[in-house]
Structures are given as C-alpha cells and as structure tokens.
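All remarks here apply to the structure that follows.
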Amino acid sequence: MADVVGSMGLNQTQKQEITQILRAHSSPPPAISSTISALAADLARCDSLISHLQVERDEIQRQYIDCQSLSAPIRCLPSEILVEIFRICWDSFKSTEVESSSSENEIFRLARGPLLVLSQVCIRWHTIVFQTPVLWHDVLLDATLWTGQDLSHRTAMELLQAILERSGTHPITISMSMASLNRWPYVPALALVAKHLQRCRVLNLECPYSDLVHMPGPAADLSCLQALALACWGPAPDTESGLQLLQTCPQLRSVDIAAFGTSEDIASYALLPWEQLSHVALRLSMLPIGLTMNMLAVALPRAPTNSALHLDFYFSQLEESTGNPCHGFSFETRISELIIEVSNVDSAAQSATALEYILPTFALPRLKTLTILTSEDSTEFPLSWPGPQFLSLSERSSFHLHLTALHLFDVVISDAEILEALAILPQLKAFTVCDHPTSSLTGASDQIAVTDNLLTALTYNEKSPYLVPKLNAFECESMLRFDDSVYLDFMLSRMENLDESDTFECRLWWKPGYYRELDPIVFRRIRELCAAKDLTFSFMEAEKKSWLD
C-alpha cells in the first residue's frame, strides 16, 4: 500500500522545479497540462483507496466491537441472575401508575411489553423471557380491557391464553376487575382463568357476585390459594357458588374485603374460612354505618386468635346520625394486631371526633399491636387523640398485660397525653409518634409530640421509675425541636438496660421543610454505637418512607 501511494504525485525533481517557478512567478513549463492531468488521476486513485480503506476500517471496527463485547460482564451473568433482573424490570413497570388508562395501555401491560423488548436483544434473552414461567406468573386483567372494541377483547383473550401457557405449572397470581358498564366480554376471561385456579396463590377479584358462577364452585381445587382480595357487589351468592368455593382453601391465610351491598350480602362473608386466617383487611368505605356495624359483627367474632385485622373506616359513615353513630355497638375480638385507617377526612371537625367514635366499639383482650393512621387523601387532617376513650379501651382490654406496640402515625397528641398513655402500658416494646406543623386548613398551631420532656421521661433513671421499661424501638416523624443531647441520653440509657443479644432501634424522620443537622458530637457518637451494633439508627426525610412497609 505504501509503494502504491509513493508512486503517485510529483517526484522530487518535479517538486523542486514547480517550487522554483512558483517563487519566480515565471511562465509555466510546456508540459504543465499533462502534469495537471496526471495529478488529477492520482487524486482519483487516492479517493478510491481512501474509500476502500474506510470500508475496511469500518469492518475491522465492527469486528473489534463484536470481539470486545464478548468480554462484557453481562454476557457472563448466569441465567438465574438475568431472570431476576428481568423480573425486577417487569415488577417496576406493572406497579407504575399509567397517566391515561386505555385499552391500548392495558393491552401493552397484559402483553408484558417491557419483557418483549428485552426478548429482542439476543437469542439467549429471547429464550429466557419466553421459557421462564416465573416471568409470566401474574395475570393482570384491568377493567379497561373490556371497554374497548371487539378487536381488543379478542387480543386480550389471546394474550391471556398465551400468558397462562407460558407460566407452565408455576404458581400464579390473578388480578381481575370488571367494567360495570360492559360486562360480558369479561366473562370468557373469568371462565378461562377458572381452569387454572388449582395453581393460584393470590387471587384479586373485583366483579358482581353473579359472575362468581363462572368459577368452578365448591369442588374447585384451590389448594394453593394463600391470599384473597375480594370486591363484589350485587345479589348475594347462592349456596352453589360464590364465597362457598373458598371453603376448600387449606393454605388461605390473608383476606382483603371491600364490602358492598345489603345486610344479606354482608352475612354471606360468614362463609369465609375464618378459623384459618392470619390477616384480614376490611374496606368499609362503601357501607353506611349500619351495615359497617353488621360487617364488624360478622368479622370480629370470627377473626382467629392472634390474627391481624386492618379496618378502613370512611368518615362519612360516622356522620350519618347525631351523636356517636357507633354508640350501642360493642365487639370483643381476640386478634393480636389491629390497624385502624380512617379515610375521607376533609375537615378539622371530622378529625377531632373520628377516633372518639371508633375506639369505644372494641374490646381487645389479646391485642399486641395497635396502629392508627389516615389514608393518603386525609393526611392534611390528622386525627385528634381521644385520651379518655383510649384509657377506657386500655382498661377493658387489659392493655397493661399484653400491648407491646403502639404506632400513632397521623394522630395529633401532646407530650403530656403521650406520658398519660404510656404510664399504663408497661409491656410496650415499640412506639411511634409524629409532630404536626401548623396547618392553614385546620387552623391548628404546631403540635410537638417529641419534646425534651418526653425524651427525659423515657430515659432510664435509677433514682426514679421510668416509663415503658421494655421499650426497644422508638420511631418518630419530627420537626426536630428537641435537644440532641437529651435524645442521645435517652438512647444510651435504653441500650444499657437491654439484654446483650438485643439492639435498640431508633428511626428519626424529619418533617419536610424542617431539616437540620444533628449536633456533630451527638451524631459521631451515634455512628460509633451503630458500628458496634448496639444501635440501629435511621435519619431521613419523612416523605421517603411508607409507614406500613
């Protein structure tokens, strides 16, 4: 190649001759025309060589990249790791809220759009995606699928069939909701899913009771079912269908019910296998107060000993009558965990009375954990602490013997009220409380729960009795109005009185807009304690956590 290039252009003698003529501004030599033609030909030859070399370089570059990619770390990952990466990719997508729900968006979700994209990377990824049943184990059929045209209905059914086939014999999760205005396209999907119930671990159904007739009935094999979420409406199921199919679910442990309907519908929930459940959630938002009490009358006596119960009260239920609408109702239940969630609180007056209405309804002689919070739509109106009602509940339930955890997330409570409550809870091991800043909606000024007074009262002192001696976990969402040294003294005193195998746990969340740095000396000491594994400590913004995680 060098010889070819070297033979083109002017030789040394010609170069010198041309240079001299240019400097002297002399007339061109007679052979200049032929010289120009020869140089033009050489330029054309060079352009051809450059094009050829560029093609060769591009090919070598491609080969280089291909060979280099062979050593990329991702090619060395075992298939099991890739499956886990693909699963995380799919889980993050399916949990993302779609800005505008449409049949097209839901078709994309049902088809596992992100997995289909990954499957096009290479043959290996394609094989992993389509031959790994765990990537196809969850069936998501949104109501929007049944509101489109017939073509989308057929597409949804074809995709559903494909998903069930690709999931093989792997246990599956089924989530189905029906659009109430377009019912019949949904029924074939329900019938198809019913054929695979024998390997269903989690079942979420939102449909009329009448559609449950398309399920296999009492003879269905639901031996794998572990969790059920049910939102049904319409006439109550008859004895040959509906909830009776759940009588043969030996592994069923968790039930989440959104209650609708009449008193007869509510009574049908007695068919659930209550004796084997460990967790029950009752969404009572669609019931008037009378039927809410009927639902509690069905659920609470049947809830097994040491199970967990999550009750979601809709505040409008509590306003339907003058006085306390729950007056006259009393339920004793032997559950070990109770979560009280209040929804649709949109005024200070509502937040002031909600717990006053609810707490007198219960007697909880086996309760170990009590959690109180509001739903996301009600956080602007935290609940007022019902001191007398809590003390009365504590007395009739004997909380001093067995309550070990109290979590007050969206409750306005003063340090004096906290001390009053903790004074009767000697078995308490975990406690959560929150500060609440001034609200333009409620007109309330700053409500500071975590004060030096509270921390001092919780600090062990040999010379005087102190509260909740068994406390080993303290969590607060704070405006950080306390003295850091007092906070450190509290933690140190608690660690000194723990068993050697135990670790004291503190979670400190700052309210948005109220961040400040902790005292450097205090923070350094906290880090030392954490390094020695004597303390578990978290310090972060409140908006980055979820109370019920």
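On a predicted model such as this, the values are computed, not experimentally measured, just so you know.
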**OP:** Check ring pair (Phe, Tyr, Trp, His ring centres under 6.0 Å) between Phe490 and all other residues, then give those that pass, not counting sequence neighbours.
**Re:** Phe474, Phe504
**OP:** Return the set of residues passing ring pair (Phe, Tyr, Trp, His ring centres under 6.0 Å) with His407 (not counting sequence neighbours), or none when no residue passes.
**Re:** Phe409
Donor-acceptor pair between [X] and [Y] side chains, under 3.5 angstrom:
X: Ser336; Y: Asn306; result: no
X: Gln427; Y: His400; result: no
X: Asp489; Y: Thr459; result: no
X: Thr173; Y: Asp138; result: no

**OP:** Return the set of residues passing salt bridge (Lys or Arg N to Asp or Glu O under 4.0 Å) with Glu420 (not counting sequence neighbours), or none when no residue passes.
**Re:** none
[X], [atom1]: over 12 other non-hydrogen atoms inside 6.0 angstrom:
X: Arg481; atom1: CZ; value: yes
X: Glu395; atom1: CD; value: no
X: Glu275; atom1: CD; value: yes
X: Arg201; atom1: CZ; value: no

Subject >> Steps toward side-chain contact (heavy atoms from CB on, under 4.5 Å) verdict (Ile340, Leu359) >> reply: CA-CA 9 Å; Ile340 296 175; Leu359 292 191; 3.9 Å; yes
If I compare all heavy atoms of [X] with all of [Y], which pair ends up nearest, and what's the gap?
X: Met176; Y: Val193; value: SD-CG2, 3.8 Å
X: Ser375; Y: Ser343; value: OG-CA, 3.3 Å
X: Leu364; Y: Ser397; value: N-OG, 2.8 Å
X: Ser254; Y: Leu277; value: N-CD2, 4.3 Å
X: Val411; Y: Ser384; value: CG1-C, 4.4 Å
X: Ala297; Y: Arg302; value: O-NH1, 4.1 Å

**OP:** Output, in order, the C-alpha distance, side-chain angles, deciding distance and verdict of side-chain contact (heavy atoms from CB on, under 4.5 Å) for Asn204 and Leu230.
**Re:** CA-CA 6 Å; Asn204 303 321; Leu230 201 61; over 6 Å; no
**OP:** Kindly state each residue pair satisfying salt bridge (Lys or Arg N to Asp or Glu O under 4.0 Å) with at least one member in residues 248-259, sequence neighbours excluded.
**Re:** Asp256-Arg283
With sequence neighbours excluded, what pairs up with [X] under the side chain to side chain donor-acceptor pair (under 3.5 Å) test?
X: Asp534; value: none
X: Glu84; value: Arg87
X: Ser167; value: Arg199
X: Ser414; value: Glu417

Original post:
How many angstroms lie between CG in Leu140 and OG in Ser175, if you round to the nearest 0.5 Å?
Top reply: 5.5 Å
Subject >> Spacing of CG belonging to Leu309 relative to OG belonging to Ser278, to within rounding of 0.5 Å >> reply: 12.0 Å
Does any part of the side chain of [Y], heavy atoms only, come nearer than 4.5 Å to the side chain of [X], both counted from C-beta?
X: Leu492; Y: Arg525; answer: yes
X: Leu383; Y: Thr374; answer: yes
X: Asp410; Y: Val342; answer: no
X: Ile448; Y: Asp415; answer: no
X: Leu252; Y: Gln226; answer: no
X: Lys511; Y: Pro437; answer: yes
X: Trp90; Y: Arg109; answer: yes
X: Val412; Y: Trp385; answer: no

Donor-acceptor contact below 3.5 Å, side chain [X] vs main chain [Y]:
X: Glu332; Y: Leu300; answer: no
X: Glu341; Y: Leu311; answer: no
X: Asp435; Y: Met479; answer: yes
X: Thr451; Y: Leu454; answer: yes
X: His279; Y: Ser307; answer: no
X: His402; Y: Leu367; answer: yes

Subject >> Sidechain N-carboxylate O distance under 4.0 Å for Lys368, Glu337 >> reply: no
Among residues at least two apart in sequence or on other chains, which ones pass side chain to side chain contact (heavy atoms under 4.5 Å, CB included) with [X]?
X: Val522; result: Asp484, Ser485, Leu488, Asp519, Ile526
X: Val468; result: Leu422, Leu428, Leu458, Leu471, Arg494
X: Thr456; result: Val486
X: Phe539; result: Leu480, Leu508, Trp510, Tyr515, Leu518, Phe537

**OP:** Please step through side-chain contact (heavy atoms from CB on, under 4.5 Å) for the pair Leu408 and Thr432, ending with a clear verdict.
**Re:** CA-CA 6 Å; Leu408 307 177; Thr432 303; over 6 Å; no
**OP:** Begin with the C-alpha distance, continue with both residues' side-chain angles, and end with the deciding distance and a verdict on side-chain contact (heavy atoms from CB on, under 4.5 Å) for Thr369 and Leu338.
**Re:** CA-CA 6 Å; Thr369 301; Leu338 175 62; over 6 Å; no
Subject >> is_close_aromatic(Phe331, Phe362), centroid dist under 6.0 Å >> reply: no
Original post:
Parallel, tilted or perpendicular: which fits the ring planes of Phe390 and Phe399, with parallel below 30° and perpendicular above 60°?
Top reply: tilted
